[in-house]
Structure formats: structure tokens, C-alpha cells
Amino acid sequence: RDHMTQKYDLSLLQDPSGLGEDTLSSELVYTGDYLRVHRDTVRLPNGATSYREYLQHPGAVMIMPVFDNGDVLVERQYRYPMRQVFIEFPAGKKDAGEEPLTTAQRELLEETGYTAERFTHITDIHNALAYCDEVIHFYVAEGLHDSGQQHLDDNEFVQVLRVPLAELMGWIRQGWVPDVKTQLGAFWLQDYLSKKEV
């Protein structure tokens, strides 16, 4: 293996030279309601073969709803794989063919009962790129209006909280908000709001 440190070059961010893997075969192992599990055989950069197992995901959005005074909307939701309740920003998966902004508008209303006058795209993240192709699109939602009713699916149970952003940041620093997308979103939101104040 080549352990030599490469000189920094912006072109290296997207250049697969020396690191790319070629797919030799692909097997769809499992198909669920929206997740698919693949097991592919690949050729490594050194010519050897190996296996890659990964989840195929339709993509998702996360919304950071912020009020004019700096309060934010977050949710309490039970996450079955971890068997506990988590504090999170509203989020949800894209429907087939749906644009991320449309998903953000729909998910905000469904999960919180709020609509927003303005949505600003902040960034996209890959939250589990070693074993999943999911991309999450981050949006800030401003000019919030309460419609008075959530529109949850029959199998969804979500409690909505309004908290000051500073308090949420405190919870994150205390380790009370381990959800990675919410942590990242809070720091992005803090940066976004600080630039608006300048």
C-alpha cells in the first residue's frame, strides 16, 4: 500500500485515480418498502477482488425550522433500531421522482403542522457512506405558520417541541442529542443565522 502523503490539490476531491473500484457483478439481496440491500463483487485498485455490501436509499431531506426570535422546532421520536427516543430536526425520505424542496415542504407540514414562507438549501450530506448511498438535503425553513395539525402516517408518532437554538446547542454539547444529522444541522443553522446578522 502507498502510505505517502499526497500534496493538497482540489482536483483530488473528485479524482478516483488509484482508488476507484470496478463493479464486476451486483446482487440484489433484499428489497424492502424503501431500502434495498446489495452485495457486489468489485475489483480493487491492486487487481484483487472483494465484496461490498450496501443499502440503496431513495434520499431524504432534513428541515431546520427557525422562528424570527431564533427558536427552532425539533421533534421527539422513537427510533426502533436504537430502542429509544431521540431529539431530531424534522426529516423524511423522498418519494419517487420528488424534488428535495417538495419533500422538505411536505415533511415539514406532515411532521410538525407548520408551513414556511421561505426554504433555503444549506448543504447535502452522506451520513453513512461506508454502507449506504443515502444523501440528505438540508434546508432552513423561515416565516413559519402553524396550520394547527400534523399529517402523520398511521405508523408515525412524533412530538414537536419549540426550543431556543442556544438551548438545543447546549443539549448537543451535553450529549443529549446524538443524532448526527441534527447535530450537523444545528451548527449549520447557527452559522447561517450569524451571517444574516452581519
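Only heavy atoms go into these numbers, but all of them, side chains included; no hydrogens, no water, no symmetry mates. These figures come from a predicted structure and were not determined experimentally. Residue numbers count from 1 along this sequence.
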*Asks:* Does atom CD of E21 have more than 12 heavy-atom neighbours from other groups under 6.0 Å away?
*Replies:* yes
*Asks:* For R43, I'd like to know if atom CZ has over 12 heavy atoms of other residues, nucleotides or ligands within 6.0 Å.
*Replies:* no
*Asks:* Quick one: NE2 on H38 to OG1 on T31, what's the gap to the nearest 0.5 Å?
*Replies:* 7.5 Å
*Asks:* Tell me, do V140 and L189 make a side-chain contact under 4.5 Å, heavy atoms counted?
*Replies:* yes
*Asks:* Compare every heavy atom of E111 with every heavy atom of V160, then report the nearest pair and how far apart it is.
*Replies:* CG2-O, 3.5 Å
*Asks:* Using 0.5 Å steps for rounding, measure from the CD atom of Q56 to the OH atom of Y54.
*Replies:* 6.0 Å
*Asks:* Tell me whether I136 is reachable from I172 by hopping between hydrophobic residues (I, L, V, M, F, W, Y) whose side-chain heavy atoms are closer than 4.5 Å.
*Replies:* yes
*Asks:* Using the test salt bridge (Lys or Arg N to Asp or Glu O under 4.0 Å), find all partners of R162 that sit at least two apart in sequence or belong to another chain.
*Replies:* D71
*Asks:* Are L161 and I87 close enough that some pair of their side-chain heavy atoms sits under 4.5 Å apart?
*Replies:* yes
*Asks:* Considering only heavy atoms from C-beta outward, does the side chain of H57 approach that of D133 to under 4.5 Å?
*Replies:* yes
*Asks:* Using side-chain heavy atoms (C-beta onward) and a distance below 4.5 Å, is L28 in contact with R36?
*Replies:* yes
*Asks:* Hey, any chance L165 and W176 share a hydrophobic cluster, counting ILVMFWY side chains that come within less than 4.5 Å of each other, even indirectly?
*Replies:* yes
*Asks:* Is the gap between the ring centers of F138 and Y192 under 6.0 Å?
*Replies:* no
*Asks:* How many angstroms lie between atom CZ of F67 and atom CG of L144, to the nearest 0.5 angstrom?
*Replies:* 5.0 Å
*Asks:* Tell me if a side-chain donor or acceptor on T112 pairs with a main-chain N or O of L109 at a distance below 3.5 Å.
*Replies:* no
*Asks:* Take V61 and I63 through the side chain to side chain contact (heavy atoms under 4.5 Å, CB included) test and state the conclusion after the steps.
*Replies:* CA-CA 7 Å; V61 301; I63 308 100; 4.1 Å; yes
*Asks:* Under 4.5 Å between side-chain heavy atoms, counting indirect links through other Ile/Leu/Val/Met/Phe/Trp/Tyr residues: same cluster for F187 and I122 or not?
*Replies:* yes
*Asks:* Can you hop from V85 to L73 via hydrophobic side chains spaced under 4.5 Å?
*Replies:* no
*Asks:* Please round to the nearest 0.5 Å and tell me the distance separating atom CG of L55 and atom OH of Y30.
*Replies:* 10.5 Å
*Asks:* Roughly how far apart are E99 CD and H137 NE2, rounded to 0.5 Å?
*Replies:* 9.0 Å
*Asks:* Considering non-hydrogen atoms only, spot the tightest contact between N46 and A48 and give its length.
*Replies:* OD1-N, 3.0 Å
*Asks:* Using a distance-only test with no angle check, is there a side-chain donor-acceptor pair under 3.5 angstrom linking E98 and T103?
*Replies:* yes
*Asks:* Does T23 form a side-chain hydrogen bond (donor to acceptor under 3.5 Å, both in side chains) with D40? I'd like the steps, not just the answer.
*Replies:* CA-CA 7 Å; T23 305; D40 293 0; 4.6 Å; no
*Asks:* Please assess N127 against K181 for the test side chain to side chain contact (heavy atoms under 4.5 Å, CB included), listing each intermediate value before the final yes or no.
*Replies:* CA-CA 7 Å; N127 58 315; K181 68 185 184 302; 5.8 Å; no
*Asks:* How about W171: does its CH2 atom have over 12 heavy atoms from other parts shown lying under 6.0 Å from it?
*Replies:* yes
*Asks:* For the pair R39 and E27, find out whether any cationic side-chain nitrogen is under 4.0 Å from an anionic carboxylate oxygen.
*Replies:* no
*Asks:* List in chain and number order the residues that pass side chain to side chain contact (heavy atoms under 4.5 Å, CB included) with S25, two or more places apart in sequence or in another chain; answer none if no residue qualifies.
*Replies:* T41
*Asks:* Can you tell me how far apart CE (M62) and CG (L184) are? Round to the nearest 0.5 Å.
*Replies:* 7.5 Å
*Asks:* Is the number of heavy atoms from other residues, nucleotides or ligands within 6.0 Å of OH (Y78) greater than 12?
*Replies:* yes
*Asks:* Could you please spell out the steps behind the side chain to side chain contact (heavy atoms under 4.5 Å, CB included) verdict for E142 and E117?
*Replies:* CA-CA 6 Å; E142 299 172 280; E117 296 173 8; over 6 Å; no
*Asks:* So Q77 and F86, do their side chains get closer than 4.5 Å, heavy atoms only?
*Replies:* no
*Asks:* Are R79 and D179 ion-paired here, with the side-chain N under 4.0 Å from a carboxylate O?
*Replies:* no
*Asks:* With the side chain counted from C-beta on, respond yes when V42 and T49 share a heavy-atom pair under 4.5 Å apart, and no when they do not.
*Replies:* no
*Asks:* Compare all side-chain heavy atoms of F89 with those of P65 and state whether any distance is below 4.5 angstrom.
*Replies:* yes
*Asks:* For the residue pair G143 and R118, what are the closest heavy atoms and their distance?
*Replies:* N-NH2, 3.8 Å
*Asks:* May I ask you to decide whether R76 forms a salt bridge with E88, counting only side-chain N to carboxylate O separations under 4.0 Å?
*Replies:* no
*Asks:* Between A116 and A141, what is the shortest heavy-atom contact and its length?
*Replies:* CB-CB, 3.8 Å
*Asks:* Given Y139, which partner from the list L108, T120, L101 fulfils the side chain to side chain contact (heavy atoms under 4.5 Å, CB included) test?
*Replies:* L101
*Asks:* Are any non-hydrogen side-chain atoms of V177 and L168 less than 4.5 angstrom apart?
*Replies:* yes
*Asks:* Whether the side chain of R83 engages the backbone of Y80 through a donor-acceptor N/O pair (distance < 3.5 Å, no angle test) should be reported.
*Replies:* yes
*Asks:* Do M64 and T182 pass the side chain to side chain contact (heavy atoms under 4.5 Å, CB included) test, and can you show the C-alpha distance, the side-chain angles, and the key distance before you say yes or no?
*Replies:* CA-CA 9 Å; M64 297 165 281; T182 299; over 6 Å; no
*Asks:* If you count every heavy atom of other residues, nucleotides or ligands that lies below 6.0 Å from N69 atom CG, does the total exceed 12?
*Replies:* yes
*Asks:* Can a salt bridge be assigned to the pair K93 and E107 using a cut-off of 4.0 Å between side-chain N and carboxylate O?
*Replies:* no
